[in-house]
Peer 1: 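My questions all concern the structure below.
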Amino acid sequence: MGKDTIRILAIESSCDETAAAVVENGRKVLSNIISSQIALHTLYGGVVPEIASRKHIEKINQVITEALRQADMTLADMDAIAVTYGPGLVGALLVGVAEAKAISYASGKTLIGVHHIEGHISANYIENKDLEPPFLCLVVSGGHTHLVRVADYGRYEILGRTRDDAAGEAFDKVARAIGLGYPGGPKIEKASMKGNAGAIAFPRAKVADNPYDFSFSGVKSAVLNYINGCKMKNIEIIPEDIAASFQKAVVDVLVEHAMHAVQEYHAEKFAIAGGVASNSVLRESMRAACEKRGVSFYHPSPILCTDNAAMIGAAAYYEYLGGTRHGWDLNAVPNLKLGER
Ligand code: KG4
Ligand code: ZN
């Protein structure tokens, strides 16, 4: 193996997916194994942290073994072991971090801790071989809504963030309120296809002191109030119309704030990332808005939008090139800030 080929075994266990991947030079995925716990957590209507940790410890060795097997490699072929060390559920993160440290210790391979959001952003590098910083990226997941300027590999400036609920969290809560269950995002998207997005006027919140910040608790409350109002007045509730109208309200705000930033920062490239980035209405609205402004638009495939380890391997490669090396004291950091070491 020449010095120009860097292979990384990446591990992700920050929430409810136990995942491992082998990634070559940051952009070539040799394997990407995801063991989802969604069916288990659906029983409780959301992620139960302790159950997530217990499931991770049960699955992690199998997932890693399968990732190496599908890549047709052994640990000896790896240059580094990468792992998400924050943000996320502490008990869930600890499983991946302890595993990565044990493998790194036993094999003598370099250990690289990766920020989960940096992973989501880096998912864009995998299928868009021409994408390089600088660019703007909207990260929309179950736990985060960040508008980020990617100045360079590993260099991030957060322009805006949510003041309350994350976009995905709002999808999950509204889905629960209209009886669609967990996880809400994909279910709202499916229901919306049969609904009228203009049926109900839900609010599009602006945050007074920062045009790039978001607030989604208002639209969530408006949906709940609308449902209560219908019940009181005996008006028929049409979940598909609520889903489509709510989704449109969220997408409109995301697009408006993102394009404001595109204009102000004279961005030539714009990307989306995170679980909500697999939403086809968001994707098409962003694509149209970017096209109108002559801006190149990037997005990962749905499987690389939701939590996976290939994105951690992509981020880890650029961290590796930048000299990031973690020691035996690496710990889970549940509220890790983007850009912190
Ligand atoms: O990135 P992710 O897998 O986990 C976090 O880091 O949070 O994102 C999960 C979130 C959930 O809130 C889920 O409802 C949302 O992404 N999501 C979607 C869609 N698919 C997943 N939201 C809207 N439309 C979708 N198609
Ligand atoms: Zn995520």
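Remember, it's 1-based here, ligands and their atoms both numbered in the order they're listed. Starting from 1, each residue takes its place in the sequence as its number.
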Peer 1: Hey, which N, O or S atom on Asp307 ends up closest to the Zn ion (ligand 2)?
Peer 2: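 Going by distance to the Zn ion (ligand 2), the closest N, O or S atom in Asp307 is OD1.
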Peer 1: When the ring planes of Tyr212 and His260 are compared, do they come out parallel, tilted or perpendicular, using 30° and 60° as the limits?
Peer 2: perpendicular
Peer 1: Measure the acute angle between the ring planes of Phe214 and His257, then classify it against the limits of 30° and 60° as parallel, tilted or perpendicular.
Peer 2: parallel
Peer 1: May I ask you to identify the nearest protein heavy atom to atom 12 (O) of ligand 1, giving residue, atom name and distance to one decimal place in Å?
Peer 2: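 It is Asp172 OD2, 2.8 Å.
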Peer 1: Does ligand 1 have any atom sitting under 4.0 Å from a heavy atom of Cys15?
Peer 2: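 Under 4.0 Å: no for Cys15.
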Peer 1: Is it the case that ligand 1 has an N or O less than 3.5 angstrom from some N or O of Thr306?
Peer 2: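 No; every N/O pair is 3.5 Å or more apart.
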Peer 1: Closer than 2.8 Å to the Zn ion (ligand 2): does that hold for any N, O or S atom in His120?
Peer 2: yes
Peer 1: With the threshold set at 4.0 Å, does a side-chain nitrogen-carboxylate oxygen contact exist between Lys248 and Asp252?
Peer 2: yes
Peer 1: Run the numbers for me: atoms of ligand 1, each under 4.0 Å from some heavy atom of Gly168, listed by number.
Peer 2: 12 (O)
Peer 1: Who's the nearest protein heavy-atom neighbour of atom 26 (N) of ligand 1, and how far?
Peer 2: Glu189 OE1, 2.7 Å
Peer 1: If we ignore hydrogens and angles and just use 3.5 Å, is the side chain of Asn210 paired with the main-chain N or O of Leu159 as donor and acceptor?
Peer 2: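 Such a contact is found between Asn210 side chain and Leu159 backbone.
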Peer 1: Counting both backbone and side chain atoms, is some N or O of Gly142 under 3.5 Å from an N or O of ligand 1?
Peer 2: yes
Peer 1: For ligand 1, is there an N or O atom under 3.5 Å from any N or O atom of Gly274?
Peer 2: no
Peer 1: Got an N/O contact under 3.5 Å between Gly143 and ligand 1?
Peer 2: yes
Peer 1: Flag the pair Phe246 / Phe171 as yes when their ring centroid distance falls below 6.0 Å, and as no otherwise.
Peer 2: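 Phe246 vs Phe171: aromatic centres under 6.0 Å.
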Peer 1: Return the residue, atom name and 0.1 Å-rounded distance of the protein heavy atom closest to atom 20 (N) of ligand 1.
Peer 2: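 Among all protein heavy atoms, the one nearest atom 20 (N) of ligand 1 is Ser278 OG, 3.3 Å.
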Peer 1: How far is atom 21 (C) of ligand 1 from the closest protein heavy atom, and which atom is that?
Peer 2: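 Scanning the protein heavy atoms, the shortest distance from atom 21 (C) of ligand 1 goes to Gly275 O, 3.4 Å.
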Peer 1: What class does the angle between the rings of His144 and His116 fall in, given that below 30° is parallel, 30 to 60° is tilted and above 60° is perpendicular?
Peer 2: tilted
Peer 1: Under 4.0 Å from a heavy atom of His120: which atoms of ligand 1 are those, numbered in the order shown and with their elements?
Peer 2: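 Counting atoms of ligand 1 from 1, those under 4.0 Å from His120 are 1 (O), 6 (O).
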Peer 1: Within a 6.0 Å radius of atom CG on Asp72, are there more than 12 heavy atoms belonging to other residues, nucleotides or ligands?
Peer 2: no
Peer 1: Can you pull out the closest protein heavy atom to atom 25 (C) of ligand 1? Residue, atom name and distance to 0.1 Å, please.
Peer 2: Gly185 C, 3.6 Å
Peer 1: So Lys220 and Asp165, salt bridge (charged side-chain N to carboxylate O under 4.0 Å, His left out) or not? Walk me through it.
Peer 2: CA-CA 9 Å; Lys220 176 197 68 190; Asp165 291 352; 3.0 Å; yes
Peer 1: Side chain or backbone, does Asn279 bring an N or O within less than 3.5 Å of an N or O on ligand 1?
Peer 2: yes
Peer 1: Would you say the ring centers of Tyr85 and His115 fall short of 6.0 Å from each other?
Peer 2: no
Peer 1: Looking only at the aromatic ring of each residue, does the gap between the centers of Tyr318 and Tyr125 stay below 6.0 angstrom?
Peer 2: yes
Peer 1: Asp307 heavy atoms, cut-off 4.0 Å: which ligand 1 atoms fall inside?
Peer 2: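 Those qualifying, in numeric order: 1 (O), 2 (P), 3 (O), 4 (O), 5 (C), 6 (O).
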Peer 1: So, 2.8 Å as the limit: is an N/O/S atom of His116 located closer than that to the Zn ion (ligand 2)?
Peer 2: yes
Peer 1: Of all the atoms in ligand 1, which lie at a distance below 4.0 Å from a heavy atom belonging to His116?
Peer 2: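 Selected atoms, number and element: 6 (O).
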Peer 1: Mind checking salt bridge (charged side-chain N to carboxylate O under 4.0 Å, His left out) for Glu268 and listing every partner two or more places apart, or none if nothing turns up?
Peer 2: none
